[in-house]
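Shown next, in structure tokens, is the structure this report addresses.
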Amino acid sequence: MNSDPVSLPGEPAVDLNLGIAHGLTPEEFDHIKKILGRIPTYTELGVFSVMWSEHCSYKSSRRHLKMMPSRGPRVVQGPGENAGAIDIGDGWLAVFKIESHNHPSFVEPYQGAATGVGGILRDIFTMGARPIANMDSLKFGSFDHPRTKYLLASVVGGIGGYGNCVGVPTVAGETMFDPAYNGNILVNAFCLGLVRREDLLSARASGVGNPVLYVGSATGRDGIHGASLLASAEFDAESESKRPTVQVGDPFTEKLLIEACLEAARTGAIVAIQDMGAAGLTSSSSEMAGRGGLGIELDLDRVPLREAGLTPYEILLSESQERMLIVADRGRVDELQRVFAKWDLHAVEIGRITDDQNWRIRFGGRIVADIPIAPLSDDAPMYDRPAAPPADPQPIESSHPKPPPPSRAGDALRTLLASPNIASKRWIFRQYDSIVQSNTVAGPGGDAAVLRIKGVRRGLALTVDSNPRACAIDPYLGAVATVCEAAINVACAGARPVGITNCLNYGNPERPEIMWQFIRGVEGIRDAAIAFAAPVVSGNVSFYNETEGRAIPPTPTIAMVGLLEDFTAAVTHFFTHAGDQVLVVRTNSPRLAGSEYAAQFRCDDRGLDSRGLGSIDLSYERALAEMLVDAAQAGLIRSAHDVSGGGLAVALTEACFNPGGALGAEFSLPSEFETAVELFGEGRSTIVLSAAAENIGQLRQLIGAAGLKIVASGRVTELPRLKIGSVIDEDVLALREIYERALPGRIGEP
Amino acid sequence: MQVKVFITPRKGILDPQGRAVEQALKTLGFNQIADVRVGRYIVLEVAGASAAGVREAAKKMCEQLLANPLIEDYRFEVGAE
Amino acid sequence: MQVKVFITPRKGILDPQGRAVEQALKTLGFNQIADVRVGRYIVLEVAGASAAGVREAAKKMCEQLLANPLIEDYRFEVGAE
Amino acid sequence: MKWGVVSFPGSLDDRDTLYALREVMGQDAIPLWHKDESLGGARCIVLPGGFSYGDYLRCGAIARCSPIMRSVVRFANDGGLVMGICNGFQILCEAHLLPGALTRNRSLSFICEQVTVRVANAHTAFTRSARKGALLRLPIKHGEGLYTAFDDELSAIEERGQVLLRYVAPDGSARDEANPNGSINAIAGVANERFNVFGLMPHPEHAIEPRLGGDDGLAIFRSIIESAA
Ligand SMILES: Nc1ncnc2c1ncn2[C@@H]1O[C@H](COP(=O)(O)OP(=O)(O)O)[C@@H](O)[C@H]1O
Ligand SMILES: [Mg+2]
């Protein structure tokens, strides 16, 4: 079969200019001609442009991502498939991944966020795993910005609207408001699924002659060029005109797809399966064939269409949601079709696997694209873009003049609790079903969510974290700190960190200082992941997060999966018993640099250090995590809470918020600890632990043996009052009122 | 004055609701159904003297709040009632 | 034949959505708004010869599925289009 | 006893209900499929929570047209026990097995949280193992749980004692803030006139294990088991 593919009537003539209009460089366009030995057809040009877009090809990031550790005794599947998989014992694998949907969510926040959830779910059940938990990491502009409330309400509505409807609980997340995201919000969605080891599916095609099935929603003109034009270019006024590419999600169909695909997987008739995500039919078909070193042939006339008149270009590039592509075992198509029919879904045979390593597309009886697969996917361009630190690294500064810090620590504490970054996120997470599937031991509101696994003693702890303020000061240390925070969060719940997935949100990689931020971030994740022996098994890169030339601060988002040997030993983040002893353990002194305190108050005026982050000794961090896990499993601690936004004073306050009835705490601090840095500073790692009096001796021993320092101690009181040394003496109920009311108040709800 | 606003999913945009309703109607035996689109119907009472003024306000309301131009089409009628 | 169905919350029924839209419009400065009701607008394509037959089918569809008479009022128009 | 749990397309808590009945309470429970008409000999039919048919059009409106609902209606009319939880409650209202209707929460947003409900009538098949006035902590998770009924019907429902559960504050007091969705008379659960059909917005099947947020939901299931015995 060596006749060249034909152009269709009405298609524009392909030349370099059209290639450039498709986002390709002149060199890339030349390369395409060399690969094909001819000028591409219009359809082929579209295909190359999406497949070689930053979003699909990772051309700026691929060589650096290899730095991150992706192997380990538990790793069953590292990067390369739709999601990573880790062996968590008892025959179960945890399959997980995080992904960005930043640009679509900025353009149409409800649908953008909803389809972000839909997409990450498909990455998980495509592996044969039942999705059991979602998380979301959100960054918005400041509340003063006119679009923030609308974006917040719509994004949260979209995440809930989709996740709730498919029956996957959203068990944790994080939300930050900062003017640095005024023009470019971040919406990162995480999903984790469970699969029996022997049932793991792959996206590697095999078996020449095996049929290719199309399952799910019909194809429309949604999101054409979403990947190449939206996610791989900066934002500007022109983005408005790209609006018709908005994708609309249908969670109801997704729910049917989940059940049907999992049931189909149990038949054993699925050879390979992949969702149609970015670049839809094109990427799913070429990648599945490519992984298997085979070819594929598709007949577009058989693709179910939502409306008549779609061109091959449109069918191939459509990003319509809720679609899957399956390579079936020859002779067992009927069996699969019966399963899909049960769930009212069509499974349509649209092609077959071939042995010639070409990606060949028919339309109207003619061949309209014929491309060798390896160069299209695996050998896509890879760049080593120049990287250089900026001349003068400037931490992000808010545009408003800040007030001087209050003279009374109690006043500062109340201001911090009212900050939307610290205040309760209940207004957000109560819009999410966090309990469906009956596994949620601890839902949103703590350091990490805890899930049980039915039928066994083990459980999982999940958290997602980022620290763009620290990353803006030092992209390396900030990334290290983010991994540490995530690891310590799961350890606080009593779980051992076992795996990481990451979403790397950065600006335009064509600028050397952004590339430098990116590389330093990856190096930070690498070092910290190695330290915690928590391999990075999946992830996603989102570049071009800029508006009008202003990049977001570097924002690597880390989702950590922790394993609990016994889910009933999980520890809460709040105090549970009056009379318990409280210990504060830390690995390093806190700093005000990058803290919420520094974001609220003018620190430098009082000579406080707001620049340096301070060093992080990863061996201490690891020792801390291990101590927490050991102590929890031994039943020595009743609660553990890590200090993050707002510092020690806020962490102690939060620990008093027992949902069953507020408690209090009393601390005597040496006077040198009564400074703003000690009370409100952040940085790695400080833990507030509580334990029954009879266990305190053993716990102190464990802490000492780990080489960690106890810097303060106190006790839990029945009376809901927080007393810290001579500087803070506040009514916990009043503090809780501030903490709970702040976000609804900002949104203007009663 | 009464303003009636009719909002429908834009042509070419997925309308999962419409599809579900179409299926359900067929299940109920209404086989003559060829297509269903489900949208919103908003009835506003607007105090205003001139129909022209109300019409102008209605257009602005649709654009600024009532319809989402990315995925929806709208039209409205200004009546007395 | 095209059937347009207009469904509105019954008078006396709480319409929180209508209230929210009214509030939002006022916040945007449309102070002349006196009342807002938010309902559904359904456009059906019905294959059918006679307008009378289609009208009868439409009535049944409304009663059996499209509207909930406990809380909603409906009316419909049968047009050519 | 034998239970039947119906799965509609888009049902979500069907698996959780089966888990609660079988694994936690040791009951004989079978899944029922919306396209079938058989109820498999079950003594109590549960319509579970979720988003049947995506909750498109109106919650529960499309599901009640399923083949299985014909059997459920017949079963209920013959006096069989039927319980609808959340979306199941909406389906029962749409099917006219229960009075009233459920519409959007007054906040217009989905709400997932623990609530407290008071048992307003303990002399029914669904509440007999609780005491009248007892408080139950149960989770809710819904966007359309605002119960409405018209004046005459409402007073009839109240007079006959068909309101089985009412939202109250954790200390048992009746306060408007304790009504999460704005339901009329703070109604959280209602029975039909014959007291063999019950719908409730809170999820008893998600309140059966102390480790997972409490076990007050057992009171509802135990009542049904006692009644069927
Ligand atoms: N967008 C969100 N979705 C779900 N849960 C959230 C979201 N934002 C915050 N939360 C929850 O609120 C709590 C506080 O979040 P955060 O301040 O980020 O915690 P920490 O600083 O301890 O990591 C966490 O339990 C988190 O899971
Ligand atoms: Mg934390």
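Values below: every heavy atom of this structure, side chains too, minus hydrogens, waters and symmetry copies. Letters A, B, ... are given to chains in the order of the sequence lines, protein chains preceding strands, and every chain is numbered from 1. Treat the numbers as computed from the prediction; the structure is a model and nothing was measured.
Rounded to the nearest 0.5 Å, atoms CZ (D:Arg104) and CG (C:Asp15) are 9.5 Å apart. We find the CD-CG distance between D:Glu94 and C:Leu65 to be 8.0 Å, quoted to the nearest 0.5 Å. One finds the OG1 atom of D:Thr103 at 9.5 Å from the CD atom of C:Glu72 (value rounded to the nearest 0.5 Å). The line from SG of D:Cys93 to CD1 of C:Ile71 is 9.5 Å long, rounded to the nearest 0.5 Å. The CZ atom of D:Arg58 sits 6.0 Å away from the CZ atom of C:Arg40 when rounded to the nearest 0.5 Å.
Residue C:Arg10 touches chain D through its side chain alone, counting heavy-atom pairs closer than 4.5 Å. Proximity to chain C is absent for every atom of D:Ile184, based on heavy atoms less than 4.5 angstrom apart. When heavy atoms are compared at a cutoff of 4.5 Å, C:Ile42 approaches chain D solely by way of its side chain, counted from C-beta outward. Both the backbone and the side chain of D:Leu57 come within contact range of chain C, with heavy atoms under 4.5 Å apart. Of the two parts of D:Asp151, neither the backbone nor the side chain holds a non-hydrogen atom closer than 4.5 Å to a non-hydrogen atom of chain C.
In this structure, C:Leu70 and D:Gly100 approach most closely via the heavy-atom pair CD1-O, 3.3 Å. Between D:Thr148 and C:Ile13, the shortest heavy-atom distance links the atoms CG2-CD1, 4.2 Å.
D:Arg137 CZ: more than 12 foreign heavy atoms inside a 6.0 Å radius. Under a cut-off of 6.0 angstrom, the local environment of CD in C:Glu63 is crowded, with over 12 non-hydrogen atoms contributed by other residues, nucleotides or ligands. Shown here is D:Arg128, whose CZ atom has more than 12 heavy atoms of other residues, nucleotides or ligands within 6.0 Å. Shown here is C:Lys59, whose NZ atom has no more than 12 heavy atoms of other residues, nucleotides or ligands within 6.0 Å. Other residues, nucleotides and ligands place no more than 12 heavy atoms under 6.0 Å from the NZ atom of D:Lys132.
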